[in-house]
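See below for the structure under consideration.
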Protein chains: 4
Amino acid sequence: MLKRLPRVVREQQMLDAAVKVFADRGFHAASMDEIAEVAGISKPMVYAYLGTKDELFIACLQREATRLLETVAAGVLPAATPDEQLWNGLRSFFTFVGAHRDGWRVLYRQARSEPHFAGELAGMRARIVEVVAGLLESACAAAAVPARPGDFVAMAYAYVGAAESLADWLADHEEEDPEQTATRMMNFVWIGAESLLQGRVWRA
Amino acid sequence: MLKRLPRVVREQQMLDAAVKVFADRGFHAASMDEIAEVAGISKPMVYAYLGTKDELFIACLQREATRLLETVAAGVLPAATPDEQLWNGLRSFFTFVGAHRDGWRVLYRQARSEPHFAGELAGMRARIVEVVAGLLESACAAAAVPARPGDFVAMAYAYVGAAESLADWLADHEEEDPEQTATRMMNFVWIGAESLLQGRVWRA
Amino acid sequence: MLKRLPRVVREQQMLDAAVKVFADRGFHAASMDEIAEVAGISKPMVYAYLGTKDELFIACLQREATRLLETVAAGVLPAATPDEQLWNGLRSFFTFVGAHRDGWRVLYRQARSEPHFAGELAGMRARIVEVVAGLLESACAAAAVPARPGDFVAMAYAYVGAAESLADWLADHEEEDPEQTATRMMNFVWIGAESLLQGRVWRA
Amino acid sequence: MLKRLPRVVREQQMLDAAVKVFADRGFHAASMDEIAEVAGISKPMVYAYLGTKDELFIACLQREATRLLETVAAGVLPAATPDEQLWNGLRSFFTFVGAHRDGWRVLYRQARSEPHFAGELAGMRARIVEVVAGLLESACAAAAVPARPGDFVAMAYAYVGAAESLADWLADHEEEDPEQTATRMMNFVWIGAESLLQGRVWRA
DNA sequence: TATGAATGAGAATTCATTCAT
DNA sequence: GATGAATGAATTCTCATTCAT
């Protein structure tokens, strides 16, 4: 009944549908039936192209993670100062999350809560942490401060966690501005509570 | 076949089992069968005492949230300076999370990923954020700095996320000390990256 | 809606139904739905008591194989001469097959044709071959004839195969008499074609 | 994408693939997808050339049955004595089965177990039994022994079963020689257990 | 109180089969 | 002649939930 479309196109349609349904319903509550229906295609096609429900979910994860990483990477200028880099990275990040709330929900909320996908998720987070730790390290080197390498990773974890959490919050608050969220994060991360609570703020 | 036990005791057994299974498997993948089995009790009893699966989950959520809040609250001395309060709060938090790995963190994650529990969750979130935001606000007031209330909530989010992420990291690094993790968090939160990267650190 | 019956009873009902349906339709074409319906019970009960379709099939196999082996063993008198033992064994065997045509069909026809159950079946056949080879060996010893041990097993295989094949044929021919089939087999096995074709026959 | 080949060649390729897959997986578990893939051809071609799955299976059956019959028939010399005929027939049979294990499995094991193909199978069985029974009958006539026709069919069944079983055994014992297996069968069939157990053997 | 027995409903997954190109 | 795209229809299996005892 349906127009014949080339595989690549259909796969994207399916991934779009899957991301939406997973985000709306949660992994388990999402049914392959609904995904197929939203994609405007029959279930067997989904299986034929993207495999089982697990594989489909992982495909979603990967597509969204890659998009996110690419967006953030594109936002950071190599030549900038550390706090400019951080600011740009955060802004790209929150803007992306604001624009792809579904993708983010799938990526972090669902994946995190399903012990089943812990491994997959850990890998993705590791990629991100690595990037952030690298930024910190080079910033530190620029400041000629001696540091133990392990510390950067721990800090990076804390940063990423904070960002994830704020992003999560952003995803639930339509009215909130991504830019403002990024500013908050900058204050939080860069300035520190002590100074913040003394009235100091960070400005782009 | 089981010894007759007073209702309250039985209910705690069930909640213990439920928390464990929900944490291990995730909300959907957890089956009432397994919960009953782990509790060492028959399924109909679970229904009789704690109602449907949804209700059971909410009961778990509430118990764990309360425990966490009470622990953290107990650790904070009202008369201390803001950074001492923060330090004590964080230390209580990490200790609790380390000791109850099954509890709050996991349940919170589950709850978040099930759109179904949005309502329930909002209430609890509010209680916790209220506590953390309260800390921040009073610190701020002490410093006589004007602040917008919404900001505290966002900050609280970022803190909790960072703490969670570090807790995760802690779980993966046996050699790491909870106390040291709390210190890291203090540095991160209190001092801020800017100063940190210039070599400044926080000391208890 | 159904009368509550103890587990043991229900299990037998289910096995009866399963044997019948497997025999009628073949393993793959048999549906769990139909088996449950024939057993007069709902599908989940079948899964609860007897496990998956594969496990259910194996349970059928084992019940039928055990019944068969016990029947045959009971028919053989230890003190008899070799040909009497053989005759009694064969008579028991064919009588059993004649009386439980469904069981036999499940046992040998289905199991054999599903590569999946090759292992299970091989084990059962090995048990039988062992018994037969033992009979042959003791008969040979009684006749003081020197023999290589391996030969008995090969012979036993041939006998068992012949008997299986005749039993299969019997299962398809309602009009055929088990006793007569056993006689045929005796002639075939004991007398040999050469003598048979010269008009000699075996008599009980 | 494939070289255009004459229809007859393509059909043989498909049948080869189908026989292999049916033999490996069993009729139901065999998928048209796999058959097409093994044949190196797309599914619609299989349908275009050989029809539905059932029809395809029957085509396999017919080809294999014909091959077997022709091989055995070609091995038997009309002018020989009965035991020479039998010996030659058995030798041809075991050699064929050894060389076309897949075909044999499809023919006897799969077809037998699918009630669905009962009709088809009956016809083939009749052709084979007719050949074997014919051999027996003419041997019997040569010996001027009166016999009931029904007996030959039953005997033929027993023979075929014994041969199958030995063939199976042969398949599991690489070191065993087909020729020797045929000799075993000759002893079994021609000489009979009684004489065998008294030390008599058959020699070509 | 306590539980073994029982089920309705729904989920994932697979397959033979057919079009449109 | 040849194939990638597409699907209707089953089928296995699981689970929350409830009775009858």
Side-chain angles (χ1 to χ4, degrees), chain A residues 1-11 28-36 39-49 51-56, chain B residues 1-7 10 28-36 40-49 51-57, chain C residues 1-11 28-36 40-49 51-56, chain D residues 1-7 10 28-36 40-49 51-56:
Chain A
M1 296 302 157
L2 215 53
K3 254 282 261 316
R4 302 267 170 131
L5 291 179
R7 176 169 186 147
V8 210
V9 177
R10 275 282 136 86
E11 277 179 348
H28 262 101
S31 84
M32 295 297 269
D33 268 299
E34 186 177 358
I35 291 173
I41 228 158
S42 74
K43 238 191 312 175
M45 288 301 308
V46 181
Y47 281 90
Y49 283 179
T52 74
K53 195 183 183 187
D54 278 20
E55 288 165 350
L56 173 58
Chain B
M1 289 307 151
L2 218 55
K3 269 247 282 292
R4 302 259 177 128
L5 291 178
R7 176 164 188 140
R10 269 287 147 77
H28 261 102
S31 81
M32 295 298 270
D33 270 293
E34 187 177 358
I35 291 173
I41 238 166
S42 75
K43 242 187 312 175
M45 290 297 335
V46 180
Y47 280 89
Y49 278 10
T52 77
K53 194 183 184 185
D54 281 15
E55 290 163 351
L56 174 57
F57 184 69
Chain C
M1 297 301 155
L2 214 51
K3 255 282 261 319
R4 301 269 168 127
L5 290 180
R7 175 167 186 152
V8 210
V9 176
R10 273 282 138 85
E11 277 181 346
H28 262 102
S31 85
M32 294 299 270
D33 269 300
E34 187 178 358
I35 291 172
I41 227 158
S42 74
K43 236 189 317 175
M45 287 302 307
V46 180
Y47 281 90
Y49 282 0
T52 75
K53 194 183 183 185
D54 278 22
E55 288 165 350
L56 173 58
Chain D
M1 289 303 153
L2 217 53
K3 267 253 279 297
R4 303 261 179 126
L5 290 179
R7 175 164 187 146
R10 270 286 146 79
H28 262 101
S31 81
M32 295 297 271
D33 269 294
E34 187 178 359
I35 291 172
I41 238 163
S42 74
K43 244 188 312 178
M45 289 295 339
V46 179
Y47 280 89
Y49 279 9
T52 77
K53 194 184 185 186
D54 280 17
E55 290 164 352
L56 174 57

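Between D:R7 atom CZ and D:M45 atom CE the span is 7.5 Å, to the nearest 0.5 Å.
Rounded to an integer number of Å, the gap from D:I35 CD1 to E:dA16 P is 8 Å. F:dT12 atom P lies 10 Å from atom CD of C:E34, rounded to whole Å. For the pair A:R10 CZ and F:dA6 C1', the interatomic distance rounds to 9 Å; values are reported in whole Å. Separating the CD atom of C:E55 from the P atom of F:dT12 is a distance of 14 Å, rounded to the nearest angstrom. The distance from atom CE of D:M45 to atom C1' of F:dA2 is 6 Å, rounded to the nearest whole Å. At whole-Å resolution of the value, CG in A:L5 and P in E:dT21 are 11 Å apart.
Side-chain N or O atoms of A:E11 include none that pairs as donor or acceptor with a backbone N or O of A:V8 at under 3.5 Å.
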Just the table, please: protein N/O against nucleotides 13-15 of chain F N/O, every pair under 3.5 Å.
residue	atom	partner	partner atom	Å
F:dC13	OP2	C:Y47	OH	3.1
F:dC13	OP2	C:K53	N	2.9
F:dC13	N4	C:K43	NZ	2.3

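Looking at residues two or more places apart in sequence or on another chain, you find a side chain to side chain contact (heavy atoms under 4.5 Å, CB included) between A:V9 and A:L5, A:P6, A:Q13. The side chain to side chain donor-acceptor pair (under 3.5 Å) search around A:E34 returns A:R25, not counting sequence neighbours. In terms of the side chain to side chain contact (heavy atoms under 4.5 Å, CB included) criterion, residue partners of A:K53 (sequence neighbours excluded) are, by chain and number, A:F22, A:F27, A:M32. Partners of C:D33 according to the salt bridge (Lys or Arg N to Asp or Glu O under 4.0 Å) rule, which considers only residues two or more places apart in sequence or in another chain, are C:K43.
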query: According to the Watson-Crick and G-U wobble definition with distances under 3.5 Å, which dot-bracket string, read 5' to 3', encodes DNA chain E, using [ ] for crossing pairs and | for pairs with another strand?
result: .||||||||||||||||||||
